[in-house]
Amino acid sequence: MQLTRMEGGGAEGGLIGAGELVDQHLVPGVLDGFDESRSGSENLDAASGDDQSIMRGEGRAPKRKKYHRHTPQQIQELEAFYKECPHPDEKQRLELSRRLNLETRQVKFWFQNRRTQMKTQIERHENMLLKKENDKLRFEQAAMKNALRNPLCTSCGGPVVSPELPFDEQTLKSENARLRDELTRICLLTEKFLGRPISSIASSLTQRSTTSTLDFSLGNIGFQGLNSMDHALSSGLDMSLLGSAVSLPEAPVDKSFIVQLAVTAMDELMKMAAVNTSLWSSSSDGVKEVLNFEEYLATFPPTIGPKPNNFVLDASRDTGLVCLNSLALVETFMDLNQWVSVFPSLVARASTTTVISPGLDGSWNGTLQLMQAELQVLSPLVPLRQVKFLRFCKKHEEGKWAVVDLSIDAVHEGSVALSPFSLCRRLPSGCVIQEMPDGFSKVTWIEHTQYDENVVHPLYRRLLGSGMGFGAKRWLASLQRHCEGLAALMASGEPVENPSGMTASGRKSMFKLARRMSDNFCSGVCASLMSKWERLYPGNVGEESVQLMSRKTVDSPGEPSGIVLSATASVWMPVARQRLFDFLRDKRYRSDWDILSNGGPIQEVVRISKGPDPGNCVSLLRCDTASPSQEMLILQETWTDAASSLIVYAPVDTPAIQSVLGGGDSTYVALLPSGFALYPDPDPAQTGNPAAGCLLTAGFQILVNELPTAKLTVDSVTTVEHLIHCTIEKIHQALDCAAPASRSQNPVPHE
DNA sequence: GGACTAATCCCGG
DNA sequence: CCGGGATTAGTCC
């Protein structure tokens, strides 16, 4: 809580009227000061009178028990001094006491208390970490125990069957009967969802399996699969279809039910994406489309049950041109690695749990898989979204494809089970791709989620509510930016603007390194249970307070070894996103805020463009210092699109980066990224607020100790907090906008 | 009742 | 005498 105490200083005028906007837990000193001046003044002890009475020696004798606190100014000054020097000597204390009108003993006590307080705080953090570690271990242990109890086959994910299970004829017969049933159902459904007769599929599959292009090794079919094959062969049916009915890892699951779900979701997506539909109407400002919820409910039966009461819904649709052909786009969505790489800063991580049905004809058409992913908005104030979903890809006609996602945590007895712990669910969402001439595609994106708004800080609720946070616009914008980057990379014309020139492999290496830097930065902002970051301060953080996470690295290539501290804070800025973005990436203004650059001039040594927008590029900056030996190089990646902007940078080792520029391997280049993520703060027209603000997240990662075994110290925590507050403050000043306290004018959305 | 903080008390160097 | 640990008292939530 000491994190934000300094904010109060010099801005009381702005705070008095804004009491309810200030998180009282965070700034007790500020509020207490006012309380005193309002109510506790009967005894000449108002905030200002009190010290003078001490100085005059009057109130001394009657053993003043009257409770009082130092004034905010005093505390702020003390705090500031403490940051620089937690152990002031006699002289410094005297000076402080004189300046603050405090007794020397009071100053002494204050520092004494401050130090012990800090110590207990650190202790508490350590306890927290240990407890978390303990919990994690216990959880792992439980998971392992569980895994031992229900072993799964490593190659197919199916249940392991003990070898002594009786293979009597009766069992086989009844099993066959069950499978025959299932097969018929699946055939019917397959016809329905592929829109063509089963015979052609069967024959194409047969053809494929004979030419052995289809991976159908026995290893992919579990015990049940063998059984099925047996049955299929004996009944003269093409067995391949059963391959598309691989069991989910969870118990016996009715596959046809899942297929049915996917078909229904696809149907819904297509209707939602249709051009002439009354499901959407344009908003009052005509900028975006709004879902007609009544109509929606009337049109579609709920695929995954009704909306939980405490959830709000977020439905958005956006259409745009993308410079990539439809096949390549489909590949982008269906190939896990590509998918993750197209949406950096949006998809934190993802995995494919099970392939329920592989594609047909060697294409992605008909692919149905179970996936999980973590989605993020880059701010500690917006918790990461963990989603498990079905992804189903279907080719509707030549050049027209669709990929639909649907939240599904588990399937039991023919109904969808959603985890009660999940904070978000995705209703049929995804995109429809229509191939256009010249290698372009028209993409219509539907993003429909229901989520728990309470876990999101009010500052970010408007962003999420506008569909810009996790909505269609952000997905599409990210996709477009990615494709522009691809085009730039492919372009024959040399996009490098530095005279020294650069080889294609050099560019590739630089992109790869920049990519790792940005990913690293993003992972330090949003706390994921899966990541290696440990959160220091538990619970939610508030606006302008710093979220701290730490991690230990040992012998990890590309990372400095030791303890790394990541500090992140989000604030509202009273300037448009574009202006802030341009400011932050302009090397002329860099010394205004970049403490790292030491105020020296900055030169752009290398610049590799990633698209038509000048804001999308990877560059190498040189900070000139007095002595050439201290010259420092900074790798920087910036990007911007219709929904968000990002600036990430990290100091790099000169010889290492020279090797990368020449196309060398970047794996061992150590990086500690810092940077900013910017989102617009959509101003709902009805408030009439003229301020076009934006949301800024600043993040720093610093190496606090090179020994991984070392403990985090108070000093390093204080330093990094100071760094982040200072940087934000400097940005404020440089942009000549009001100090942070003026955020009281920032209307907090739907409170 | 717990968290926070200014102030005391007490002890070892 | 100083600094640090333990403790206390007043206050707020």
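Letters A, B, ... mirror the listed sequences (proteins, then strands); counts begin at 1. All values derive from a computational prediction rather than experimental measurement.
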> What distance do L584(A) atom CG and I731(A) atom CD1 have between them, rounded to the nearest 0.5 Å?
Replying inline: 5.0 Å

>> OP1 or OP2 of dG3(C) versus the side-chain N and O atoms of R115(A): is any pair under 4.0 Å?
In response: no

>> Rounded to whole Å, how long is the line connecting atom CD of E103(A) with atom P of dA7(B)?
In response: 8 Å

>> Whole angstroms only, please: what is the CD-P distance between Q74(A) and dA7(B)?
In response: 10 Å

>> What is the separation between atom CZ on R93(A) and atom C1' on dC1(C), rounded to the nearest whole Å?
In response: 11 Å

> Can you name the nearest heavy-atom pair linking L672(A) to Q701(A), along with the distance?
Replying inline: CB-O, 3.9 Å

>> In this structure, how many angstroms lie between the C1' atom of dC4(B) and the CG atom of L78(A), rounded?
In response: 16 Å

> N113(A) CG to dA6(C) C1': how many Å, rounded?
Replying inline: 12 Å

> Rounded to whole angstrom units, what separation is found between the CD atom of Q106(A) and the P atom of dT5(B)?
Replying inline: 16 Å

> Can you tell me how far P of dT8(B) sits from CZ of F109(A), to the nearest Å?
Replying inline: 6 Å

> Can the ring centres of F676(A) and W593(A) be said to be less than 6.0 Å apart?
Replying inline: yes

> Between dC4(B) atom P and W110(A) atom CH2, what is the distance in whole Å?
Replying inline: 15 Å

>> side chain to side chain contact (heavy atoms under 4.5 Å, CB included) for R474(A) and V377(A)? Distances and angles first, verdict last.
In response: CA-CA 10 Å; R474(A) 176 136 180 257; V377(A) 161; 3.6 Å; yes

> Any side-chain N or O of Q117(A) less than 4.0 Å from the OP1 or OP2 oxygen of dT5(B)?
Replying inline: yes

> Is any side-chain nitrogen or oxygen of H87(A) closer than 4.0 Å to OP1 or OP2 of dG4(C)?
Replying inline: yes

